[in-house]
Amino acid sequence: MRRIHSIFTSAINDAIHEFGILRDNPLVRIKIRKDESEDSGKIKFFTVEELNRFLAACVPAKGAKYQHSRHYQALFTLMARTGLRIGEALALTWDDIDLKNGTLSVTKTLIYPRNTDPRVTTPKTKSSIRTIKLDSETIRVMKEYRLNQKETVLRYGLKRSDLNLVFHNPDGRWLRINVVREYMKEVCKRAGLPQLSPHALRHSHAVHLLEAGAPIRYVAERLGHASIKTTEKYLHVTKKIEKDALTLYEQYVR
């Protein structure tokens with residue numbers, strides 16, 4: 001809706017200012033309601049307890065077509081435990097993940113240019129190109145999912161991905177970002193959680209790392225931030241970091 005509104009507004013503005021066909025633009029009086037997950041720059045994230053509830057609920061609903069599939073659960077787990085952007089996650093191939101050594105290479109991202117098919121491109125900044133170390137739980141989940149992916153394709157007669165994609169549609173092509181976003185909202189609703197966007201999983205990972213005591217520079221490098229100032233914003237969204245820091249200070253000066 002926003003995209004259509006923007007294109008139409010631009011066209012009418014041209015009709016007014018460039019060609020003198022119209023006198024005013026009625027679309028400027030139309031306000032599109034924001035999604036519930038949007039809030040003027042405020043950082044949205046799951047607590048650890050909320051994240052665990054969310055991931056546990058990321059299984060096909062009763063009556064869903066592909067009951068055996070666990071690709072959404074694997075996708076959201078990977079994003080929540082690595083801080084991947086949604087485009088980076090959907091662009092992954094199995095060649096990018098080394099489960100033996102526990103690493104994941106980020107060298108590309110999936111984008112959806114206006115009115116064109118999705119395509120893979122290089123990340124915007126050099127800092128986004130990085131190698132992420134995987135924790136043992138993520139390695140376990142991805143190993144199980146790799147087997148589950150093969151079983152799901154065989155069980156339902158789906159098309160294998162010619163691109164060796166980690167996450168793909170039943171037709172073997174890339175998952176669409178808007179479909180992932182809507183599925184996540186549905187799971188949040190089902191689990192009684194705030195309806196957040198996939199980007200909130202990246203925020204959650206950053207906050208949880210800092211709450212666990214990870215150095216801010218490490219968090220910045222893991223998330224692929226171009227500047228440490230981008231990472232510093234997470235220090236202000238949780239009371240736990242402030243409380244733990246004060247406790248450490250009290251123990252030090254005691």
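All values derive from a computational prediction rather than experimental measurement. All values below were derived from every heavy atom in this structure, side-chain atoms included, with hydrogens, water molecules and symmetry-related copies excluded.
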### Query
Should Leu163 and Leu175 be regarded as members of a common hydrophobic cluster, given that ILVMFWY residues are connected when their side-chain heavy atoms come within less than 4.5 Å of each other, either directly or indirectly?
yes

### CG-NZ distance between Asn148 and Lys150, expressed to the nearest 0.5 angstrom
11.5 Å

### Query
Does Thr103 offer a backbone N or O that forms a donor-acceptor pair with the side chain of Asn101 under 3.5 Å?
no

### Query
Would you say the side chains of Thr93 and Asp96 form a donor-acceptor pair under 3.5 Å?
yes

### Query
Between Gln73 and Val59, is any pair of side-chain heavy atoms under 4.5 Å apart?
yes

### Query
Do the side chains of Phe167 and Leu158 join up, straight or via other hydrophobic residues, at under 4.5 Å, putting them in one cluster?
no

### Task
Determine whether Leu84 and Leu92 make a side-chain contact, defined as any pair of heavy atoms from C-beta on separated by less than 4.5 Å.
yes

### Task
Enumerate the residue pairs fulfilling salt bridge (charged side-chain N to carboxylate O under 4.0 Å, His left out) with a member in residues 65-87, sequence neighbours excluded, ordered by first and then second residue.
Arg81-Asp135, Arg85-Glu88

### Query
Do Val180 and Tyr112 belong together in a cluster built from hydrophobic side chains that touch within less than 4.5 Å?
yes

Under 3.5 Å, side-chain donor or acceptor atoms of residues 12-21 against the rest of the protein: list the pairs with distances, not counting sequence neighbours.
unit_1: Asn13; atom_1: OD1; unit_2: Asn25; atom_2: ND2; d: 3.0
unit_1: Asn13; atom_1: ND2; unit_2: Thr9; atom_2: O; d: 3.4

### Query
With distance as the sole test, does Gln67 use its side chain to make a donor-acceptor pair with the main-chain N or O of Ala61 at under 3.5 Å?
yes

### Task
Drop me the distance from Ile111's CD1 to Leu90's CG, to the nearest 0.5 angstrom.
13.0 Å

### Task
Flag the pair Val166 / Leu78 as yes when at least one side-chain heavy-atom distance between them is below 4.5 Å, and no otherwise.
no

### Message
Please determine whether side chain to side chain contact (heavy atoms under 4.5 Å, CB included) holds for the pair Ile228 and Glu221, giving the CA-CA distance in whole Å, both sets of side-chain angles, and the decisive distance to 0.1 Å.
### Response
CA-CA 8 Å; Ile228 199 170; Glu221 292 175 354; over 6 Å; no

### Query
Is it true that Val141 and Leu104 fall in one hydrophobic cluster, defined by side-chain heavy atoms closer than 4.5 Å?
no

### Query
Would a distance-only check, ignoring hydrogens and angles, find a side-chain to backbone donor-acceptor pair under 3.5 Å from His5 to Leu27?
yes

#### Entry: Evaluation steps, side chain to side chain contact (heavy atoms under 4.5 Å, CB included), between His208 and Leu51
CA-CA 10 Å; His208 297 166; Leu51 178 61; 3.9 Å; yes

### Task
Please name the pair of heavy atoms, one in Cys188 and one in Phe46, separated by the smallest distance, quoted to 0.1 Å.
SG-CZ, 3.9 Å

### Query
Donor-acceptor pair, Ser69 side chain versus Thr152 backbone, under 3.5 Å?
no

### Task
Would you mind telling me which of Phe45, Tyr72, Phe76, Tyr183 makes a ring-ring contact (aromatic ring centres under 6.0 Å, His included) with Phe54?
Phe76

### Query
If we only count heavy atoms from C-beta on, is the Glu137 to Arg140 side-chain gap below 4.5 Å?
yes

### Under 3.5 Å donor-acceptor, Arg222 side chain and Gly83 backbone
no

### Task
Determine, step by step, whether Met79 and Ile86 satisfy the side chain to side chain contact (heavy atoms under 4.5 Å, CB included) criterion, reporting the C-alpha distance in whole Å, the side-chain angles of both residues, the deciding distance to 0.1 Å, and the verdict.
CA-CA 8 Å; Met79 291 178 64; Ile86 181 64; 3.9 Å; yes

### By side chain to side chain donor-acceptor pair (under 3.5 Å) - contacts of Thr109 (at least two apart)
none

### Task
State, to 0.1 Å, how close Arg176 and Pro118 come at their nearest heavy-atom pair, and which atoms those are.
NH1-CD, 4.1 Å

### Task
Indicate yes or no: at least one non-hydrogen side-chain atom of Glu211 is less than 4.5 angstrom from one of Asp244.
no

### Message
Could you measure the distance from the NZ atom of Lys44 to the CD atom of Gln195? Nearest 0.5 Å is fine.
### Response
11.5 Å

### Thr107 versus Ser105, side-chain donor and acceptor atoms under 3.5 Å
no

### Task
Assign the ring pair Tyr156 / Tyr66 to parallel, tilted or perpendicular, where the plane angle (0 to 90°) is split at 30° and 60°.
perpendicular

### Query
Out of curiosity, Leu209 CG to Tyr218 OH, how far, rounded to the nearest 0.5 Å?
6.0 Å

### Task
State the OG1-CG distance between Thr131 and Asp98, to the nearest 0.5 angstrom.
10.0 Å

### Task
Answer yes if the side chains of Ser128 and Thr125 hold a donor-acceptor pair under 3.5 Å, and no otherwise.
yes

### Message
If hydrophobic clusters are built by linking Ile, Leu, Val, Met, Phe, Trp and Tyr wherever their side-chain heavy atoms come under 4.5 Å apart, do Trp94 and Leu134 end up in the same one?
### Response
yes

### Query
Does any N or O in the side chain of Lys126 come within less than 3.5 Å of the main-chain N or O of Ala226, such that one atom is a donor and the other an acceptor?
no

#### Entry: Rounded distance (nearest 0.5 Å) linking atom CD1 of Ile177 with atom CD of Glu182
13.0 Å

### Task
Kindly indicate whether the side chain of His203, heavy atoms from C-beta on, has any atom under 4.5 Å from the side chain of Leu196.
no

### Query
Strictly by modelled atom types, are Ser161 and His168 linked by a side-chain donor-acceptor pair under 3.5 Å?
no

### Min side-chain heavy-atom separation Arg190-Val187 under 4.5 Å
yes

### Message
For Arg217, I'd like to know if atom CZ has over 12 heavy atoms of other residues, nucleotides or ligands within 6.0 Å.
### Response
no

### Query
Tell me, do Arg146 and Leu99 make a side-chain contact under 4.5 Å, heavy atoms counted?
yes

### Query
Taking it one step at a time, do Glu186 and Lys189 satisfy salt bridge (Lys or Arg N to Asp or Glu O under 4.0 Å)?
CA-CA 5 Å; Glu186 178 59 34; Lys189 183 178 179 181; 5.3 Å; no

### Task
For Arg130, look at atom CZ and say whether over 12 heavy atoms of other residues, nucleotides or ligands are found less than 6.0 Å away.
yes

